[in-house]
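We count ligands from 1, going down the list as the structure has it; atoms in each ligand are counted the same way. All values reported here derive from a predicted model rather than from experimental measurement. We number each residue from 1, following the sequence as shown.
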Amino acid sequence: MIMNSFRIKAIAKSIPQKVVTNDDLTKIMDTSDEWIKRRTGITQRHIATRETNTSMCIDVAKQLVEKAGIDVDTINFIIVATMSGDYQTPSTAASVQGAIHADHAVAFDVDAACSGFVYGTSVMNSLLAGKPNGIGIVIGGEKLSRLINWQDRGTAVLFGDGAAGILVQNDGSTSQVVSENLSTYGADGMCLTAGHHAGQNPFGENQEQDDPYIKMDGHAVYNFATKRAPESIEQAVADAGLQLNDIKYFIMHQANERIVKRVAKKLGLSMDKFPVNIDKYGNTAAASEPILFTELEEQGLLQRGDYLALTGFGGGLTVGTVIIKY
Ligand code: UT7
C-alpha cells in the first residue's frame with residue numbers, strides 16, 4: 001500500500017466545440033454510422049478546429065486553479081500526458097506552465113499513449129510524496145486529429161480530441177492513490193504507431209520513410225487490451241487489499257465499447273460499474289479517463305470515500321491501473 005499524500009482538490013475538462021458525427025464521416029470516406037456504432041460504440045467525436053492541444057490543456061489548468069482556489073505560485077509540478085503535443089519541444093506542460101504563470105512549477109510531458117493519464121498520476125503521486133504541502137496538476141490532453149490519415153477508414157473513425165485533468169495536493173493526509181499497477185510491453189510496440197518523422201540530413205542516405213499517421217493492428221491491440229487490462233485491474237485491486245466489488249466505478253480508457261464490455265465480463269462484473277462515454281467523444285487516448293472521471297463528478301455520481309479504478313491501455317504497448325479512494 002502506497003502511503004504518500006495525494007488529495008484531489010479539483011477536476012476539469014475542455015472539449016473542442018466542433019462535433020463530427022458518423023454521418024459526417026460517411027461524406028468523406030467509405031463507412032457507415034451502423035458499422036462504427038456496432039464495432040466501436042462511437043456516435044460522434046469532437047475535433048479541434050480552432051483549439052490546439054496546448055490551448056485545451058491551458059483551459060483545463062485555469063479551471064483547476066480556479067476551482068481549487070489556489071495561488072498559481074504554489075504549484076510545484078505540472079504533468080501533461082499526451083501523444084499528440086503541438087510541438088516536440090517545448091513540451092505541452094511547459095507551455096501550460098508559461099501560460100498560467102506558474103513560475104515555481106516544474107513541468108514536463110509523459111508519453112504513454114492511452115495509458116498516459118494513469119502513468120502521469122503515478123509519477124505525480126511519487127513526486128508529491130517528497131514534497132510536503134506540494135501541489136501538482138496532471139492533465140491528459142490530445143489533438144489526435146492531427147495524426148489521423150483521413151483516407152484510412154480503419155483508424156479515422158475511431159479518434160477524437162479533448163483534454164481533462166486533476167489538481168492534487170500533498171496535504172499531509174493519507175494518499176488517495178491506494179495502489180497502482182503499471183506494465184510496458186515494448187516488444188509489441190509496433191502494432192500501434194504514430195508520428196514517425198525520419199527527417200533528412202546531408203551526411204548519408206536515409207532509408208527510413210516518414211510515417212506520421214496513426215497506424216494500428218486493431219486485432220492485436222484488441223487482444224492485448226482484453227487480456228492485459230483485466231490482469232492489471234485484478235492485481236491493483238488485490239494490492240489495495242480490496243475485492244473487485246469494493247470498486248464503485250471502473251473508469252476505463254474508452255477505445256471501444258466492446259473492449260469495456262469484454263473486460264467487465266472477464267472480471268464477472270456488471271456493466272453498471274463500467275461507465276461509458278465513447279459514444280460522445282470517440283477514443284481520446286490520454287484524455288479519455290480524465291474526461292470520463294470529470295463527467296462522473298459533474299453528474300454527482302462520485303462520493304468522497306468511493307473506490308475508483310482508472311485503467312489505461314494502448315500504445316507502447318502499455319497498460320496501467322491506479323486505485324483511488326476518492
Ligand atoms: O486506444 C488505443 C488502443 N486501441 C484499441 O484498443 C483498439 C483495439 N481494436 C479495436 O477496437 C478494433 O479492432 C477496431 C475497432 C479497430 C476494428 O474493429 P474490428 O471488429 O476488429 O474490425 P476489422 O478491422 O476486423 O474490420 C472488419 C471489416 C473489414 O472488412 P472485411 O475485410 O471484413 O471485408 C474492414 O475493411 O470492416 C471493414 N472496416 C470498415 N467498414 C466500414 C474497417 N473500418 C471500417 C469502417 N467502416 N470505418
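Close approach of ligand 1 to V221 is summarised as follows: ligand atoms under 4.0 Å from at least one heavy atom of the residue are 3 (C), 4 (N), 5 (C), 6 (O). Near N283, meaning under 4.0 Å from one of its heavy atoms, ligand 1 places the atoms 1 (O), 2 (C). Near I259, with a cut-off below 4.0 Å to any heavy atom, the atoms of ligand 1 are 6 (O), 8 (C). Close contacts between ligand 1 and V157 involve ligand atoms 48 (N) [criterion: under 4.0 Å to a heavy atom]. Under a 4.0 Å criterion applied to the non-hydrogen atoms of H253, ligand 1 contributes the atoms 1 (O), 2 (C). Proximity to T40 (heavy-atom distance under 4.0 Å) selects the following atoms of ligand 1: 15 (C).
Counting non-hydrogen atoms of neighbouring residues, nucleotides and ligands closer than 6.0 angstrom, the CZ atom of R262 reaches no more than 12 such neighbours. Within a 6.0 Å radius of OH in Y87, no more than 12 heavy atoms belonging to other residues, nucleotides or ligands are found. Within 6.0 Å of the CD atom in Q299, the count of heavy atoms belonging to other residues, nucleotides or ligands exceeds 12. Heavy atoms from other residues, nucleotides or ligands lying under 6.0 Å from NZ of K273 number more than 12.
Of all the heavy atoms of M29, none lies under 4.0 Å from any atom of ligand 1, so neither backbone nor side chain is involved. At a heavy-atom cutoff of 4.0 Å, ligand 1 is contacted by the side chain of W35 but not by its backbone. Proximity of T31 to ligand 1, defined as any heavy-atom pair under 4.0 Å, is shared by backbone and side chain alike. Contact annotation for I36 and ligand 1: no heavy atom of the residue comes within less than 4.0 Å of the ligand.
Less than 4.0 angstrom separates atom 4 (N) of ligand 1 from at least one non-hydrogen atom of the protein. Remark: atom 23 (P) of ligand 1 lies closer than 4.0 Å to at least one protein heavy atom. In this structure, atom 32 (O) of ligand 1 is not in close contact with the protein, since no protein heavy atom lies within 4.0 Å of it. In this structure, atom 29 (C) of ligand 1 has no protein heavy-atom contact shorter than 4.0 Å.
Checked by atom type and distance alone, the side chain of E180 never pairs as donor or acceptor with a backbone atom of I323 at under 3.5 Å.
Looking only at protein heavy atoms, the nearest one to atom 35 (C) of ligand 1 is R153 NH2, 4.0 Å. From the protein, the heavy atom lying nearest to atom 18 (O) of ligand 1 is R258 NH1, 3.9 Å. At the top of the distance list for atom 9 (N) of ligand 1, counting protein heavy atoms only, stands G218 O, 3.0 Å. Closest to atom 10 (C) of ligand 1, if we only count protein heavy atoms, is N256 ND2, 3.7 Å. For atom 2 (C) of ligand 1, the closest heavy atom belonging to the protein is C114 SG, 3.3 Å. In terms of protein heavy-atom proximity, atom 27 (C) of ligand 1 is nearest to R39 NH1, 3.5 Å. When hydrogens are left out, the protein atom nearest atom 21 (O) of ligand 1 is H219 NE2, 3.3 Å; that is the closest non-hydrogen contact.
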Candidate pair S122 and N125, rule side-chain hydrogen bond (donor to acceptor under 3.5 Å, both in side chains), full reasoning: CA-CA 5 Å; S122 166; N125 189 39; over 6 Å; no

Working note: N277 + I291, criterion side chain to side chain contact (heavy atoms under 4.5 Å, CB included); need CA distance, chi angles, decisive distance, verdict. CA-CA 9 Å; N277 67 358; I291 290 174; 3.9 Å; yes

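Residues forming a side-chain hydrogen bond (donor to acceptor under 3.5 Å, both in side chains) with H104 (at least two apart in sequence, or on another chain): none.
Under the 4.0 Å criterion applied to side-chain N and carboxylate O atoms, R153 and D30 are assigned as salt-bridge partners. At a threshold of 4.0 Å, the pair K62-E66 does not count as salt-bridged, since none of the basic side-chain nitrogens sits closer than that to a carboxylate oxygen.
No N or O atom of F313 sits closer than 3.5 Å to an N or O atom of ligand 1.
The aromatic rings of F274 and F250 sit parallel, their planes meeting at an angle under 30°, below the 60° perpendicular limit.
Under a cutoff of 6.0 Å and an axis angle of 45°, R228 and F313 do not form a cation-pi pair.
In this structure, the ring of Y307 has its center no less than 6.0 angstrom from the ring center of Y326.
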